[in-house]
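Worksheet: one structure, shown below.
So that the names make sense, note that chain A is the first sequence line, chain B the second, and so on, each numbered from 1. What you see is a predicted model; the values in this text were computed from it and never measured.
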2 protein chains.
Amino acid sequence: MRRSTVPSRPSAKARWPEIRARPFDRERDPSTQIENLLSRKQQSKLRAIATVLEYQRSNNTVFSEGEDAHFVYSVVAGVVRVTRHSDSGRRQVLALMLPGDLFGLPDAGLYVNSAETVCPATLYRVPWAQLREMLLREPEMQINLLIRVAFDLRQAQRRIMILGQHNVAQRLSSFLLDFMQHSDFYDARRRLLTLPLTRFDIGDYLGTAPETVARAFARLEKAALVRRHSSRVIEIRNADALRSLVGGRRRVSPH
Amino acid sequence: MRRSTVPSRPSAKARWPEIRARPFDRERDPSTQIENLLSRKQQSKLRAIATVLEYQRSNNTVFSEGEDAHFVYSVVAGVVRVTRHSDSGRRQVLALMLPGDLFGLPDAGLYVNSAETVCPATLYRVPWAQLREMLLREPEMQINLLIRVAFDLRQAQRRIMILGQHNVAQRLSSFLLDFMQHSDFYDARRRLLTLPLTRFDIGDYLGTAPETVARAFARLEKAALVRRHSSRVIEIRNADALRSLVGGRRRVSPH
DNA sequence: CGAGCGTTTGAGATAGCTCAAGCCGGGTGG
DNA sequence: CCACCCGGCTTGAGCTATCTCAAACGCTCG
């Protein structure tokens with residue numbers, strides 16, 4: 001078993017948590033999408049039961065598949081990868097959670113996926129039991145949760161499209177274009193994209209091997225669509241060409 | 001553009017609807033999953049606003065992506081494929097809706113996917129506006145919808161795993177094993193699976209070409225895991241071997 | 001300055017794509 | 001009732017994208 005096998009990817013360096021938890025502090029917290037969906041009153045109720053977690057490092061486990069699910073999480077800052085391992089032990093990154101995203105909804109009381117930090121991150125943690133009660137009392141709040149889950153479903157369907165139809169260069173382009181939407185990672189003026197992920201993470205996200213990701217980068221660079229300033233810092237030289245690459249065919253006719 | 005291009009797949013024979021709609025008739029309708037989640041009172045309310053649609057043929061359009069979304073649907077009998085077309089015009093089958101499944105939730109008032117019958121089918125049609133109001137009034141009903149959408153999300157994540165990690169023979173095995181769960185299609189005693197889908201549909205579901213699906217069937221047959229009685233009728237000769245195939249590695253080491 | 005991880009590139013093997021041709025079964029019309 | 005036709009299915013051939021194993025490179029941290 002060379003890589004990508006069960007417990008985790010390369011950095012199984014098992015650094016330990018170093019997480020600090022503190023009660024919700026209204027003053028310090030930037031507003032997030034989930035809050036924006038709620039009324040002030042609802043927000044304050046949610047804050048009353050939320051805890052803020054600060055993960056100082058990457059590759060920290062938030063929760064693991066199969067564990068009892070007591071909490072739901074929301075990203076305040078940083079990036080969390082939501083993963084699942086297939087029977088063969090290979091890891092798939094199902095989704096990347098960015099600020100404002102919600103994750104950790106239980107299935108029959110258990111987490112079905114694992115979640116780890118991809119870089120230092122700040123999260124809200126909300127006890128599921130209390131949230132559940134609150135939802136039953138407040139239909140408007142619940143419908144907001146429904147909207148979020150429906151959004152996640154559409155995102156997942158988008159991933160299905162990409163995995164089912166695109167070659168690796170197209171998937172990578174699509175991934176880069178997605179990250180360019182977030183000013184946390186993309187400096188639009190200088191056209192510089194700073195990726196928080198390793199090639200292993202990107203590979204597991206795109207359903208391919210890290211070497212293939214590296215080669216896809218090389219290919220995009222040769223075609224002058226991007227330029228690698230370093231492995232994590234990518235200059236976007238031609239976003240339109242990236243877009244039209246994604247829109248093209250998976251394979252060009254051999255004739 | 002040989003196949004799999006925009007409007008639809010081979011049978012663009014454009015047969016027209018022949019749909020019959022009738023008000024909900026309590027006596028004739030088998031209970032479906034969505035109803036099972038609801039109390040009697042809720043059920044009767046839902047029935048009051050539901051219409052039953054009967055599609056007599058396959059390849060009938062229920063709705064198309066981009067249309068205004070006025071209704072939500074639930075499958076009573078038959079199979080519906082939910083599809084989306086990529087920019088290149090290729091079709092992806094995002095999900096197959098079987099009896100009890102719900103589909104057609106709008107995104108910003110529009111359908112984001114298309115839905116077509118795969119065989120003759122009976123559906124419930126519920127006006128979204130009325131359902132929405134009902135949900136706001138009845139939190140328990142809403143939480144059931146939330147559970148359904150969360151279920152769909154997990155299904156979609158499962159598809160992501162399969163598309164991202166498995167080779168075509170594994171995907172096909174996984175597809176067959178799924179269908180074996182439904183007594184509508186699988187005769188457990190005789191071990192006969194009757195597929196409602198063409199090779200084109202299966203290919204678009206599994207993210208591959210129909211020829212490759214045919215070859216995967218040939219491979220499974222040669223390994224004595226299945227036997228094709230006809231292209232649509234498959235004898236399952238070794239379900240355990242199918243399962244362990246799915247659990248194995250995508251590609252065997254070359255050495 | 002060495003170790004370790006992550007990245008890149010190379011080489012060889014192969015699964016799956018595309019085009020093409022033949023087959024097969026069921027429905028239709030003579 | 002049979003022959004034909006058409007759509008779907010299968011198989012073949014050639015090509016290439018991607019996988020796997022290897023090896024070398026280069027940060028970064030200690």
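The residue among B:Arg232 and A:His166 whose nearest nucleotide of DNA chain D lies closer to the 5′ end is B:Arg232. For the pair B:Arg171 and A:Ser231, nearest-nucleotide mapping onto DNA chain C gives the more 5' position to A:Ser231.
Per the geometry, CG belonging to A:Asn167 stands 15 Å off C1' belonging to C:dA15, to the nearest Å. One interatomic measurement links the two molecules: NE2 of A:His229 to P of D:dC27, which rounds to 15 Å at whole-angstrom precision. Distance CZ (B:Arg219) to P (D:dT11): 15 Å, rounded to an integer number of Å. D:dC9 atom P lies 9 Å from atom CG of B:Asp201, rounded to whole Å. Rounding to whole angstrom units, CG of residue B:Asp204 and C1' of C:dC17 are separated by 14 Å. Atom C1' of nucleotide D:dG14 and atom CZ of A:Arg251 are separated by 10 Å, given to the nearest angstrom. Across the protein-nucleic acid pair, A:Glu211 atom CD and D:dT20 atom C1' stand 7 Å apart, rounded to whole Å. Here C:dT18 presents its P atom at 11 Å from CD of A:Gln165, a figure rounded to the nearest Å.
The side chain of B:Arg250 approaches D:dC19 more closely than any other nucleotide in the set C:dC17, D:dC19, D:dT11. Side-chain proximity of A:Arg199 to the nucleotides D:dC21, D:dT11, C:dT7 is greatest for C:dT7. In this structure, the nucleotide among C:dC17, C:dT7, D:dT20 sitting nearest to the side chain of B:Arg215 is C:dC17. When distances run from any side-chain atom of B:Thr198 to the nucleotides C:dT8, D:dA17, D:dG8, the shortest one goes to D:dG8.
For the side-chain contact (heavy atoms from CB on, under 4.5 Å) with A:His85, the lone residue among A:Glu65, A:Gln92, A:Arg90 that qualifies is A:Glu65.
In the model, A:Asn167 has no side-chain atom that pairs as donor or acceptor with a side-chain atom of A:Arg250 under 3.5 Å.
Between A:Thr212 and D:dC19 there is a side-chain polar atom (N or O) within less than 4.0 angstrom of OP1 or OP2. At D:dT10, one or more side-chain N or O atoms of B:Arg228 fall inside 4.0 Å of OP1 or OP2 (strictly under the cut-off).
Within 4.0 Å of A:Ala169, counting heavy atoms only, lies no atom of the nucleic acid at all. Among the heavy atoms of the strands lying under 4.0 Å from A:Val168 are primed sugar atoms or P, OP1, OP2 only; no base atom is included.
The main-chain N or O of A:Arg249 is found under 3.5 Å from a side-chain atom of A:Gln170 such that the two form a donor-acceptor pair.
Geometrically, A:Arg159 engages A:Tyr205 in a cation-pi contact defined by less than 6.0 Å to the ring centre and at most 45° from the axis.
Ring orientation note: the planes of A:Tyr73 and A:Tyr111 are tilted relative to one another, at an angle of 30° to 60°.
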